[in-house]
Amino acid sequence: MQTPTSIYLDHAATTPLRDEARAAMLPFLGERFANASSLYASAREARKAIDEARERVAAAVGARPEEVVFTSGGTEADNLAVKGAAWHAREQGRDAVVVSAIEHHAVLDPARWLARQGFRVTEVPVDEHGSVRLEALGRAVDARTALVSVMWANNEVGTIQPVAECARIARSAGALFHSDAVQALPWILVDAAVADLTSLSAHKLGGPKGVGALIVRRGVKIQALMHGGGQERGLRSGTYNVAGIAGFGAAAEATVSRRDTISARVAALRDSLARLLGERITGISVNGHPTERLPNSLSLCIEGVEAESLILLLDAAGIAASSGSACTSGSSELSHVLLAMGVPRRLATGSLRLTPGAGTTVEEIETAAGRIAEAVRTLRR
Ligand code: PLP
């Protein structure tokens, strides 16, 4: 049997490395291997590459270069924001943290860990579209709140959150506001001035895996998680991942420069995929906000199928897709995001996340729709 051509519809999990990123990285994977913290000429070259990347990442979110703290990715940026802000604020008598119920585990789990350390942690509910309930957020925040964390856009259903409103609520109580913009930055405007702390990750926008940043606005105080050589103003010790950081800078700049055009094109592909699947499959529903949603995000619930079986069947048919998030796919756990949105467990069992990207073609969308419909028919037999 011929292997079917592969179609990658999992850009929310990760993206292919962009040419600009690869070109920026290559010298530092070869002859330019110096430690950026050393003093000789080759080290200064590495340092210069980091400075340039810092400027590019800052420009991508309207921040100042000195506000960028490079990390090992979005997970570390989230941990640094949540634990770092909470630990600092505890010394000021604030011992409460408020997060939305649909945060990525890189925010939820540090918050739950803080709860075990004696912090009061509140998980604020969302509505049926996955938008955080602002009245509930307002009620959860008080003079003890150290940090409010609400993601810019959700990784499973794509709902874009009212982050400016959330920030206003946090600040009215004197709390810091953090937003995980890992999924948002590739697709929509992220203005770091909205939040005190903003998490970013390179591999979601054509950069390498294992590098990200936390934007720490001027004057915002948090504690470090890593102690050692004192890199990144003491907020993130550890020898610089020069190639990764250079790749991140190039990818961020290239992404943002063409973002509006790519977002419009990918949204049209996503909408046509939704339409084709709706025509061919009965008992299918779209999750997430009807309009306030990332342009590449298509989260579906398909009645009468079990997500894991569908993903495996699609894999055999050459389609890379996932159920909820990349880290929960493969496990039989139901998506905490869908459950928080009130999706019945029966439907959440059949969740499928399809996320086209900048390289996806019209032909791929048409072929994928046919293969997905066929896989669903097979499972329903
Ligand atoms: N936050 C969100 C919203 C994500 O989607 C992801 C990745 O799946 C992360 C954080 C973690 O980022 P990283 O893979 O760079 O650790």
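Values in this document were obtained by computation on a predicted structure and should not be read as measured data. When a ligand or atom number is given, it counts from 1 through the structure's own listing order. Counting from 1, the numbers follow the sequence of the chain as shown.
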Ligand-side contact atoms (ligand 1) for residue partner Asp78, heavy atom cut-off under 4.0 Å: 1 (N), 10 (C)
Interfacing atoms of ligand 1 (cut-off 4.0 Å, heavy-atom, His203): 13 (P), 14 (O), 15 (O)
Ser42 side chain to Arg47 side chain, donor-acceptor N/O pair below 3.5 angstrom: no
Proximal ligand 1 atoms for Ser201, defined as those under 4.0 Å from one of its heavy atoms: 13 (P), 15 (O)
Nearest neighbour of atom 2 (C) of ligand 1 from the list His105, His104, Glu156, on a heavy-atom basis: His104
Aromatic plane relationship, Phe70 with Phe248 - under 30° parallel, 30 to 60° tilted, over 60° perpendicular: perpendicular
Interfacing atoms of ligand 1 (cut-off 4.0 Å, heavy-atom, Gly73): 15 (O)
Candidate pair Gln183 and Met151, rule side chain to side chain contact (heavy atoms under 4.5 Å, CB included), full reasoning: CA-CA 9 Å; Gln183 293 287 345; Met151 66 203 318; over 6 Å; no
Side chain to side chain donor-acceptor pair (under 3.5 Å), paired with Asp196, selected from Arg171, His178, Arg217: Arg171
Met151: numbered ligand 1 atoms lying under 4.0 Å from its heavy atoms: 3 (C)
Partner of Ile215 by side-chain contact (heavy atoms from CB on, under 4.5 Å), out of Leu200, Val220, Val69: Leu200
Contacts of type side chain to side chain donor-acceptor pair (under 3.5 Å), residue Thr349, not counting sequence neighbours: none
Residues forming a ring-ring contact (aromatic ring centres under 6.0 Å, His included) with His129, sequence neighbours excluded: His289
Per-atom contacts of ligand 1 with Thr75, taking only distances under 4.0 Å to non-hydrogen atoms: 11 (C), 12 (O), 13 (P), 16 (O)
Atoms in ligand 1 with a heavy atom of Val182 nearer than 4.0 Å: 1 (N), 2 (C), 4 (C), 6 (C), 10 (C)
Nearest-option assignment for atom 7 (C) of ligand 1, heavy atoms, candidates Lys204, Gln183, Glu103, Glu76: Lys204
